[in-house]
Amino acid sequence: MKTDAFQEFTDEIRKAISEVLVDLKVEADIVLDRPPEGKGDMAFPCFPLSKKLRKAPDAIAKDIAAKIKPLGMIEKVDSSGGYVNFHVRFEKLADSTIKDALTKKDKYGSGEPKNTRVLLEHTSVNPTGPIHVGRARNPLIGDTLARILRLAGYTVTTEFYVNDVGRQVVVMAWGVKHLELETKPERDKDDYRYVLFYQQANKLLEEKPEVVKEIDEMLYKLEHGDRETVTLAKETCETVLKALMESLHRINISLDGFTFESRFVQDGSVDRVIEKLKTSEFAREEDGAFHLELESFGISGRETKWVFTRSDGTSLYTTRDLAYHMNKFTRTDVAINVLGEDQKLGMQELAAALSIMGVDKKPEIVYYAFVSLPEGRMSTRKGRVVNLDDLVDETVELAYEEVNKRRPDLSEERKREIARVVGIGALRYNIVRIQPEKQIVFKWEDALNFEGSSAPFVQYAHARACSILAKAGTWNREFDAHHLTSDQEKRLTKLIAGFPSIIADCADHRRPHVLATYAQDLAAEFNQFYRYIPVLKAEGPARDARLALVEASRWTLRNTLDCLGVEAPEEM
RNA sequence: GGGCGCGUGGCCUAGUCAGGAUAUGGCACUUGCCUCCUAAGCAAGUGGUCAAGGGUUCGAAUCCCUUCGCGCCCGCCA
């Protein structure tokens, strides 16, 4: 299927090569490569054919190159060093790419509607305190992925799974009900207030056995649907949740829905899951508690048991998660979860339990490594955290200083708005640009970098494009791509042509960081074009063609930023 | 003890799934460029045993094995 003009080019190459291979009476996979600068646009390495044809790779390449007639998107075929090199018919590529971008605008890059529902669970932090930067990697990856999948053509619903039945919530709810705060919260915000209740209650829990008893009783009541307790726990959670959403909203993240864990206890689905698991051949009982023996599912370590009920018959987190995932698959075709790498074993076990329950689908997991500080792992208990709200404040404030320095001409309101957009953009980009599985050591100097590989770099390129377009006046949109002749124009056009493929690739592989790399490349290429190719001072059809390229660049930059959750300012 | 992941110039990082031509960018450092569409920019320079060793291959940062270092996990917690 053709996703973009470059795809059309490679399809034609594949067809041409396969015809030649039939002619040469050899079979081989057609693997294409990107050749280095100056050697064409696509290459076919002939080394694997060498043995079969008993000929030198370079001779084969020459032979194949000679047999392929330039046609359609293929302008020229030559060979060097054992490769067949294909040169794209640039005017054709440019014409269809730029027209595509100018027509589709904010939809440029989109894929065909997929008719596949995706339920993307992300964030799902325990609502017991403010979001810190370590945890923020989850919503950032999740939200970016959701945006990419949507552009790629999927129907995406994002969801936050709220833990409102666990011990932590009970401890916090108990604190809210029984305690007065001893210290002032860091911020006048409920997540900062409630975490203090939580911490004070935990402290009492260590000191006073009677509190332990009260908490245990509350937990039991909660599990057994005691109305007052259930309501208290849920209200407590919702209060904190609301505050957490405010923090996420500041970095352009919102979720489509929430699913409360308590629901699966109340509607009986957890009980049904437990009853069914008990009848499984993998189920074992020990002192009244039940577990699955998962050794045959490849679970290894000290423990291969997966406990699904306590001795008192109550459920565990994992059991409820199983009920949740069964529920998910009644609502979606594909379930994707964004999770910390500490959840890996748990998810492996969950997958095994799902198949024992007769569910043939499994959630796809995007794992990420933790963000730590130079001093070590973030820990609320040790007071070693960077809260998301503080990071937002800092980056926006620093961005304001920069705007103030560079654009004293702007109004205060305008400066503040640009600072917000730039600061938030820098923050998001800085986290999401890194492969999820790599650890990040959080450093303020990196987070506050507005140059080079950063969102502001990309935003700046966008603002430059907007500035040109704003000054251009009217121009002939029936441009002629033959007037795009420089290396800068050609490289930029080819990058834009590849955007739909990049989106499809990021979506299919669930890899948002690849888009961040693309954004950097595109902005760099645009900046070179900007530096060397005058647009407004050009005349006639050359001016029109360049303006068309600028507008195509503008949409591509904007759409790239939009997928990254970064706003694209028209001036900065 | 076992499992999973990571290791690319002083620092950060792309490429690893689908092995191919001189390994991608950024930060920092040195040096140029604003009478020219916004210098949050552009250009040039210094800097690499792709953790180490072995193997497969015409060809390995990429695949396989071993070792080392770092992270995460192995609870009737969530």
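- Summarising the base pairing, B/G32 is matched to B/C42 through a Watson-Crick or G-U wobble pair whose two defining distances lie under 3.5 Å.
- Side-chain to base pairing of A/Arg302 with B/C74: one donor and one acceptor N or O lie within less than 3.5 Å of each other.
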Do any side-chain atoms of residues 538-548 of chain A form donor-acceptor pairs under 3.5 angstrom with protein atoms, and if so which ones, sequence neighbours left out?
| unit_1 | atom_1 | unit_2 | atom_2 | d |
| --- | --- | --- | --- | --- |
| A/Arg543 | NE | A/Leu536 | O | 3.2 |
| A/Arg543 | NH2 | A/Ala472 | O | 3.3 |
| A/Asp544 | OD1 | A/Asn476 | N | 3.2 |
| A/Arg546 | NE | A/Glu489 | OE2 | 3.1 |
| A/Arg546 | NH1 | A/Pro534 | O | 2.8 |

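- Within the structure, every pair that satisfies the salt bridge (Lys or Arg N to Asp or Glu O under 4.0 Å) test and touches residues 515-531 of chain A, not counting sequence neighbours, is listed here: A/Arg491-A/Glu525.
- Residues meeting the side chain to side chain donor-acceptor pair (under 3.5 Å) test with A/Arg384, sequence neighbours left out: none.
- We find that CG of A/Asp487 is positioned 13 Å from P of B/A43, with the value rounded to whole Å.
- Applying the side chain to side chain donor-acceptor pair (under 3.5 Å) rule to pairs touching residues 367-379 of chain A yields A/Asn138-A/Tyr368, sequence neighbours excluded.
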- Message: Does the protein touch nucleotides 58-63 of chain B at the base, only the backbone, or not at all? Give it as B, S and - per nucleotide, heavy atoms under 4.0 Å.
- Response: B-----
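- Among pairs with a residue in residues 421-449 of chain A, those fulfilling salt bridge (Lys or Arg N to Asp or Glu O under 4.0 Å) read A/Asp143-A/Arg428, at least two apart in sequence or across chains.
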- Note on the structure: In B/S/- notation (B base, S sugar-phosphate only, - none; protein heavy atoms under 4.0 Å), nucleotides 29-40 of chain B written 5' to 3' is -------SBBSB
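- B/U62 and B/U56: their P atoms are spaced 15 Å apart (whole Å).
- Annotation: salt bridge (Lys or Arg N to Asp or Glu O under 4.0 Å) contacts of A/Arg510 (sequence neighbours excluded): A/Glu364.
- Among residue pairs with one or both ends in residues 443-473 of chain A, those qualifying as ring pair (Phe, Tyr, Trp, His ring centres under 6.0 Å) are A/Phe442-A/Trp444; sequence neighbours excluded.
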- Task: For each nucleotide in nucleotides 4-14 of chain B, reading 5' to 3', give B when a protein heavy atom comes within less than 4.0 Å of its base, S when such contact involves only the sugar-phosphate, and - otherwise.
- Result: SBSSB---SSS
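- The stretch residues 282-295 of chain A participates, sequence neighbours left out, in these salt bridge (Lys or Arg N to Asp or Glu O under 4.0 Å) pairs: A/Glu286-A/Lys305.
- The side chain of A/Arg34 places no N or O atom within less than 4.0 Å of a non-bridging phosphate oxygen (OP1 or OP2) of B/U24.
- Residues that satisfy the side chain to side chain donor-acceptor pair (under 3.5 Å) test with A/Asn430, not counting sequence neighbours, are absent from this structure.
- Ranking B/C76, B/A21, B/G41 by closeness to the A/Arg310 side chain, first place goes to B/C76.
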